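Since the structure is predicted, the reported quantities are computational estimates derived from the model, not experimental observations. So that the names make sense, note that chain A is the first sequence line, chain B the second, and so on, each numbered from 1.
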Number of protein chains: 2
Amino acid sequence: MQKSVGPNEDTNTTPESNAKRISPPLSKIPGVPLYVQIREAVRREITDGDLQPGERIPSEDELGTRFGVSRMTVRKAIADLIQDGLLYRSHGVGTFVTQVQIDRDHTRLTDFFESAQEQGLEATASLLSRERIRANPKVAQALALEEGEEILRIGSLRSLDGEPITLHYAHVPAKLATDLPTEEFLYHSVWLLIENRNSLKVKRAVEHLEAQLADRALARLLQIERGAPVLYKERTVFAEDGTPVEYEECYNRGDRYRCSVILHH
Amino acid sequence: MQKSVGPNEDTNTTPESNAKRISPPLSKIPGVPLYVQIREAVRREITDGDLQPGERIPSEDELGTRFGVSRMTVRKAIADLIQDGLLYRSHGVGTFVTQVQIDRDHTRLTDFFESAQEQGLEATASLLSRERIRANPKVAQALALEEGEEILRIGSLRSLDGEPITLHYAHVPAKLATDLPTEEFLYHSVWLLIENRNSLKVKRAVEHLEAQLADRALARLLQIERGAPVLYKERTVFAEDGTPVEYEECYNRGDRYRCSVILHH
DNA sequence: GAGTGGTCTAGACCACCCG
DNA sequence: GGGTGGTCTAGACCACTCG
């Protein structure tokens with residue numbers, strides 16, 4: 001593992017048996033898998049600061065003994081936390097808490113309205129257009145449709161705290177968009193509506209981002225100067241089975257909107 | 001480790017429907033974990049088209065029998081492929097090939113020079129500056145340093161096929177940047193150099209993206225008009241243990257550069 | 001009810017790292 | 001050598017889906 005030069009903050013090296021930590025022998029809530037209970041117990045230890053960044057957590061054998069479960073169950077719990085970036089393992093050495101906990105919220109596929117609410121902002125939208133049209137080549141490609149197949153296209157202007165932020169176009173295969181009530185578009189992302197109505201699970205999305213300039217029409221809608229910077233985003237949302245559910249085109253005010261991403265190596 | 005390879009394949013007259021698929025009873029390469037061999041065998045079936053999008057793959061029991069391994073081993077192989085987005089599971093139903101295989105290459109943390117090369121482009125860079133300075137608040141925050149700690153700051157202009165694309169500033173904690181030969185900056189990402197020299201593993205990165213306009217100086221460097229769109233990217237690269245390794249500021253030509261991302265729900 | 005994936009066990013041997 | 005994680009087994013029971 002890394003010898004990283006001169007860690008000037010060592011602190012821990014607690015002599016062994018900090019046995020008070022983590023262990024509450026787990027009252028085994030029925031209906032909740034053991035590995036989930038263990039995972040959340042360990043996660044709590046980390047977020048509460050009982051396990052400090054850089055600190056080694058108890059070994060898998062140790063945790064298995066404490067919680068009264070087999071080692072494979074512990075490993076499943078830990079694997080999830082590693083996936084989340086809270087822990088990392090080093091063969092022959094141990095399992096450790098990562099130094100910097102990355103805030104995942106910014107990189108999750110979230111509903112515009114929900115995530116605004118979580119940040120204490122008032123999200124609103126006004127409907128600009130709603131039309132059933134035939135997919136042009138670009139949209140067809142994105143939604144894995146034949147060119148000319150019918151889609152629903154919804155234009156809206158999204159605002160935060162009353163200030164226009166995004167000109168938004170959603171494209172949905174017509175067969176997924178039957179009976180979507182218009183007013184719902186103003187309170188929920190389209191893919192969320194489709195998920196609820198078609199009992200499919202939205203799983204991932206691919207985004208492409210570019211810097212552009214506002215033309216006259218866009219500038220007026222977003223209440224910015226013509227030629228002001230705009231973050232243009234194309235997004236395709238996929239269901240669990242890999243089927244495209246929605247294709248979006250978003251024109252975001254450059255001075256009010258930034259985008260956060262996590263990459264893996 | 002070696003089992004002297006005893007998959008007596010006489011038994012394989014099983015009248016199973018698609019018994020031809022997937023199964024070559026696995027010659028169990030010594031030194032390569034079984035789940036890796038199984039995973040890659042299944043992955044090959046998918047990329048080769050032997051398993052079609054939407055198709056159900058054999059059940060876990062079935063695969064375990066065919067490959068001569070336990071079910072947990074099969075599950076580990078499949079879990080990896082699900083993580084990669086090639087498969088998805090449905091409880092009580094089966095495991096299936098996803099409809100659309102997302103190209104992961106665009107969303108991996110990659111070296112600018114390597115990834116350009118893979119796309120058949122000639123990546124070059126010219127060094128603009130190299131200085132040891134004290135971290136300002138923003139850089140210190142990003143690199144988890146105290147304000148005023150020493151860092152190495154490297155400015156360069158990156159080009160593709162001779163055309164300037166990105167004005168790039170890399171910031172590295174001085175303690176990680178000892179003896180980095182200047183000429184290397186022109187052929188490799190800084191975090192890659194650090195990874196090699198400090199025997200640490202780069203694991204993830206966080207990016208923030210904004211749309212901006214080119215000012216006069218930037219415009220001249222990138223050979224674009226003043227006021228042209230620029231995709232501004234801040235990126236922090238983290239080692240496996242969560243330690244920040246590098247903080248970058250990139251000014252990318254809006255008309256030549258786009259950024260791709262995967263989100264999860 | 002039959003088949004599938006979801007969880008879990010109680011071991012085992014190995015590879016790796018450290019003192 | 002002793003402790004750690006990495007892999008693997010041969011079972012088990014459960015929950016879910018579907019015909």
Roughly, in whole Å, what's the span from CG in A:Asp80 to P in C:dC8?
-> 11 Å
Take the protein atom CD1 of A:Ile82 and the nucleotide atom C1' of D:dT4, then report the distance between them rounded to whole Å.
-> 13 Å
Below 4.0 Å: OP1/OP2 of C:dC8 and any side-chain N or O of A:Tyr35 = no
Are the side chain of A:Thr178 and the backbone of A:Lys175 linked by a donor-acceptor contact shorter than 3.5 Å?
-> no
B:Glu60 CD - D:dA12 P separation (whole Å) | 17 Å
Taking only the side-chain nitrogens and oxygens of B:Arg89, find out if one of them lies under 4.0 Å from OP1 or OP2 of D:dC16.
-> no
Any salt bridge between B:Arg66 and B:Glu62, counting N to O under 4.0 Å?
-> yes
Proximity to the side chain of A:Arg75 - top-ranked nucleotide from D:dG5, C:dT4, D:dT17 = D:dG5
Take atom CG of B:Leu81 and atom P of C:dG5, then tell me their distance rounded to the nearest Å.
-> 14 Å
Between A:Arg71 and C:dG11, does any side-chain N or O lie under 4.0 Å from OP1 or OP2?
-> no
Going by distance alone, is a donor N or O of one side chain under 3.5 Å from an acceptor N or O of the other, for B:Asp61 and B:Ser59?
-> no
Examine distances only and state if a side-chain atom of A:His171 and a backbone atom of A:Tyr247 form a donor-acceptor pair shorter than 3.5 Å.
-> yes
Atom CZ of B:Arg39 and atom P of D:dC8 are separated, to the nearest Å, by 11 Å
Is the aromatic ring of A:His91 within stacking range of C:dA15, meaning centres under 5.5 angstrom and planes under 30 degrees?
-> yes
Within less than 4.0 Å of OP1 or OP2 of C:dC8, is there a side-chain N or O belonging to A:Thr73?
-> no
Counting N and O atoms only, with roles assigned by atom type, does the side chain of A:Thr98 sit under 3.5 Å from a partner on the main chain of A:Leu86, one being a donor and the other an acceptor?
-> yes
May I ask you to decide if B:Val32's main-chain N or O and B:Gln37's side chain share a donor-acceptor pair within less than 3.5 Å?
-> yes
Could you tell me the separation between the CD1 atom of A:Ile38 and the C1' atom of C:dC8, rounded to a whole number of Å?
-> 11 Å
Between atom NZ in A:Lys76 and atom P in D:dT7, what is the gap in whole Å?
-> 15 Å
Separation of C:dC13 atom P from B:Leu34 atom CG, nearest Å, is 17 Å
Between the two ends of the helix from C:dG1-D:dC18 to C:dC18-D:dG1, what is the bend in degrees, rounded to 10 degrees, where each end axis spans five pairs?
-> 10°
On DNA chain C, check which nucleotide each of A:Pro33 and A:Gly92 is closest to and give me the residue with the more 5' one.
-> A:Pro33
Any B:Thr95 side-chain nitrogen or oxygen under 4.0 Å from OP1 or OP2 of C:dT4 = no
For A:Gln117, look at atom CD and say whether over 12 heavy atoms of other residues, nucleotides or ligands are found less than 6.0 Å away.
-> no
